[in-house]
Amino acid sequence: MSLLNTSEAEVSTFLLIGIPGLELVHIWISIPICLMYLVAILGNCTILCVIRMERSLHEPMYYFLSMLALSDLGLSLSSIPTMLRIFLFNIMEISAEACIAQEFFIHGFTDMESSVLLIMSFDRFIAIRHPLRYGSILTSSRVVQIGLAFAVKSILLVLPLPFTLKRLRYCNKRLLSHSYCLHQDVMKLACSDNRVNFYYGLFVALCMMSDSVFIAVSYVFILKTVLGIASHGERLKALNTCVSHICAVLIFYVPIITLATMHRFAKHKSPLAIILIADAFLLVPPLMNPIVYCVKTRQIRVKVLEKLGLKSK
């Protein structure tokens with residue numbers, strides 16, 4: 001069955017964009033993007049390999065870190081090759097089917113990463129609130145069950161998105177607003193009623209933002225627990241275990257919140273700023289999360305340096 005069955009001027013392909021006004025230097029922009037992509041793939045694969053090979057890292061915290069690395073890999077692999085195709089070869093066209101498939105994977109891995117960050121905040125709360133019972137509360141089997149449950153939740157949450165897009169008719173308009181496909185971007189090109197897409201897309205966005213609310217609530221309880229610790233040194237030690245996770249949360253949510261704020265409240269929106277922030281959302285978290293955890297988590301840093309044949313201090 002054809003995706004687009006309409007008597008009007010039909011389109012079977014969409015047009016992605018690079019960075020407007022900088023088309024002549026797209027080839028140079030592709031160099032840092034390519035480097036960031038390679039470092040992100042290498043960094044997250046290193047995290048996964050080190051945790052898998054080192055039995056001393058077979059603990060809940062590092063299992064959740066593996067889930068974060070998998071989410072980052074999925075986010076990178078589903079989006080950045082399309083961006084590089086635009087900047088390197090100036091290939092803007094993407095088929096409607098490929099575009100809809102891409103938005104499914106991007107939204108799916110985005111929600112998965114949000115869910116993993118939420119799980120990690122609960123993990124930090126349990127580790128600080130019940131340190132002696134931590135191992136008995138978060139057993140390996142329970143960690144696997146939690147991971148699978150949230151992965152299934154992410155898939156089921158975004159699964160209707162491609163089907164609601166496929167039922168729409170697309171005519172005349174082809175130009176998208178980013179270097180990759182997003183549900184809300186494709187939806188705006190439809191020449192048929194897209195209210196179902198709008199409301200369900202809003203529901204998915206609210207579900208994802210609710211994760212950030214629960215993360216904030218968990219840190220309220222963490223701070224309350226830490227302030228109840230008598231020793232100043234123990235307080236700092238407890239809070240230090242959360243630094244990596246706080247950095248990962250900020251790296252992930254700041255671009256999302258910034259984009260949402262600009263779309264809703266900015267009177268004079270800069271298309272260039274929106275495109276750069278949207279691209280950073282897909283480039284920065286997969287790049288920075290492995291770096292942050294290697295720098296701030298001593299166990300990970302030590303094992304990585306040992307694999308490289310270097311001594312850690």
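Predicted model only: the values in this text are computed from it and were never measured.
With hydrogens and angles ignored, the 3.5 Å screen pairs a side-chain donor or acceptor of Asp185 with a backbone N or O of Ser177. Not one N or O on the side chain of His107 forms a donor-acceptor pair closer than 3.5 Å with the backbone of Leu182. Looking only at distances, a side-chain donor or acceptor of His245 sits under 3.5 Å from a matching main-chain atom of Leu117. Ser114 places no side-chain N or O within donor-acceptor distance of the main-chain N or O of Thr110, the cut-off being under 3.5 Å. No donor-acceptor distance shorter than 3.5 angstrom exists from the side chain of Asp123 to the backbone of Ile119, with no hydrogens or angles considered.
Side-chain atoms of Ser78 and Tyr180 form no donor-acceptor pair, as typed in the model, at a separation below 3.5 Å. Neither side chain, Gln102 nor Ser79, offers a donor N or O lying under 3.5 Å from an acceptor on the other. A donor atom on one side chain and an acceptor atom on the other are found under 3.5 Å apart for Thr13 and Arg174. Between the side chains of Asn197 and Gln184, no donor-acceptor pair is found at a separation under 3.5 Å.
Atom CG in Leu283 sits 8.0 Å away from atom OG in Ser76 (nearest 0.5 Å). Rounded to the nearest 0.5 Å, atoms CG (Leu189) and CZ (Arg169) are 14.0 Å apart. In this structure, NZ on Lys237 lies 11.5 Å from CD1 on Ile128, to the nearest 0.5 angstrom.
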Worked check of side chain to side chain contact (heavy atoms under 4.5 Å, CB included) between Gln299 and Leu57 | CA-CA 8 Å; Gln299 292 89 335; Leu57 299 181; 3.8 Å; yes
Can you check side chain to side chain contact (heavy atoms under 4.5 Å, CB included) on Phe87 and Trp28, steps first, answer last?
-> CA-CA 8 Å; Phe87 289 105; Trp28 298 106; over 6 Å; no
After noting the C-alpha distance and the side-chain angles of Tyr219 and Phe125, does the key distance pass the ring-ring contact (aromatic ring centres under 6.0 Å, His included) rule?
-> CA-CA 7 Å; Tyr219 270 99; Phe125 170 69; 9.9 Å; no
Trace of the side chain to side chain contact (heavy atoms under 4.5 Å, CB included) decision for Arg124 with Ile222 = CA-CA 8 Å; Arg124 290 300 84 209; Ile222 287 172; 4.1 Å; yes
So Leu77 and Tyr37, side chain to side chain contact (heavy atoms under 4.5 Å, CB included) or not? Walk me through it.
-> CA-CA 9 Å; Leu77 292 171; Tyr37 179 52; 3.2 Å; yes
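Nearest heavy-atom pair across Pro290 and Pro285 is CD-O, 4.3 Å. The shortest heavy-atom contact between Ile274 and His178 is CG2-CE1, 4.2 Å. Taking each heavy atom of Thr164 and Leu161 in turn, the nearest pair found is OG1-O, 2.8 Å. Among all heavy-atom pairs drawn from Glu93 and Arg85, the shortest one is O-NH2, 2.7 Å. The two residues Met61 and Tyr134 make their nearest non-hydrogen contact at N-OH, 3.4 Å. Summarising the geometry of Val226 relative to Ala238, their closest heavy-atom pair is CG2-CB, 4.1 Å, with the distance given to 0.1 Å.
When side chains are defined from C-beta on, Cys181 counts as touching Ile94, because their heavy atoms get closer than 4.5 Å. Contact check for Ile41 versus Leu73: side-chain heavy atoms found under the 4.5 Å cut-off. Taking the side chain as every heavy atom from C-beta outward, Asn90 and Glu23 never approach each other to under 4.5 Å. At a threshold of 4.5 Å between non-hydrogen side-chain atoms, the residues Met112 and Leu75 do not count as touching. No side-chain heavy atom of Phe105 sits under 4.5 Å from any side-chain heavy atom of Val158. Annotation: side chain of Leu223 is in contact with side chain of Leu239 (closest heavy-atom distance under 4.5 Å). Counting heavy atoms from C-beta outward, Leu16 and Ser179 have side chains that stay 4.5 Å or more apart. Residues Glu103 and Pro162 are in side-chain contact: their nearest non-hydrogen atoms beyond the backbone lie under 4.5 Å apart.
In the hydrophobic clustering of ILVMFWY residues, with side-chain heavy atoms under 4.5 Å counting as a link, Leu38 and Val284 come out apart. Leu84 and Ile31 fall within a single hydrophobic cluster, where Ile, Leu, Val, Met, Phe, Trp and Tyr are joined by side-chain heavy atoms under 4.5 Å apart, directly or via other members. By the criterion of side-chain heavy atoms lying less than 4.5 angstrom apart, applied directly or through intervening Ile, Leu, Val, Met, Phe, Trp or Tyr residues, Ile27 is grouped together with Ile29 in one hydrophobic cluster. There is a path of hydrophobic side-chain contacts, each under 4.5 Å, that joins Phe221 to Met120. Linking ILVMFWY residues whenever their side-chain heavy atoms come closer than 4.5 Å, directly or via other members, places Phe214 and Val254 in the same cluster.
Using a 4.0 Å cut-off between a side-chain N of Lys or Arg and a carboxylate O of Asp or Glu, Lys166 and Glu97 do not qualify as a salt bridge.
Few gaps surround CG on Leu156; more than 12 heavy atoms of other groups in view lie less than 6.0 Å from it. For CZ of Arg129, the number of neighbouring non-hydrogen atoms (other residues, nucleotides, ligands) closer than 6.0 Å is 12 at most. Counting non-hydrogen atoms of other residues, nucleotides and ligands closer than 6.0 Å to OH of Tyr200 gives a total above 12.
Sorted by first and then second residue, the salt bridge (charged side-chain N to carboxylate O under 4.0 Å, His left out) pairs involving residues 135-164 (not counting sequence neighbours) are Asp111-Lys153. Residue pairs meeting the disulfide (SG to SG under 2.5 Å) criterion with at least one member in residues 21-73, sequence neighbours excluded, do not occur.
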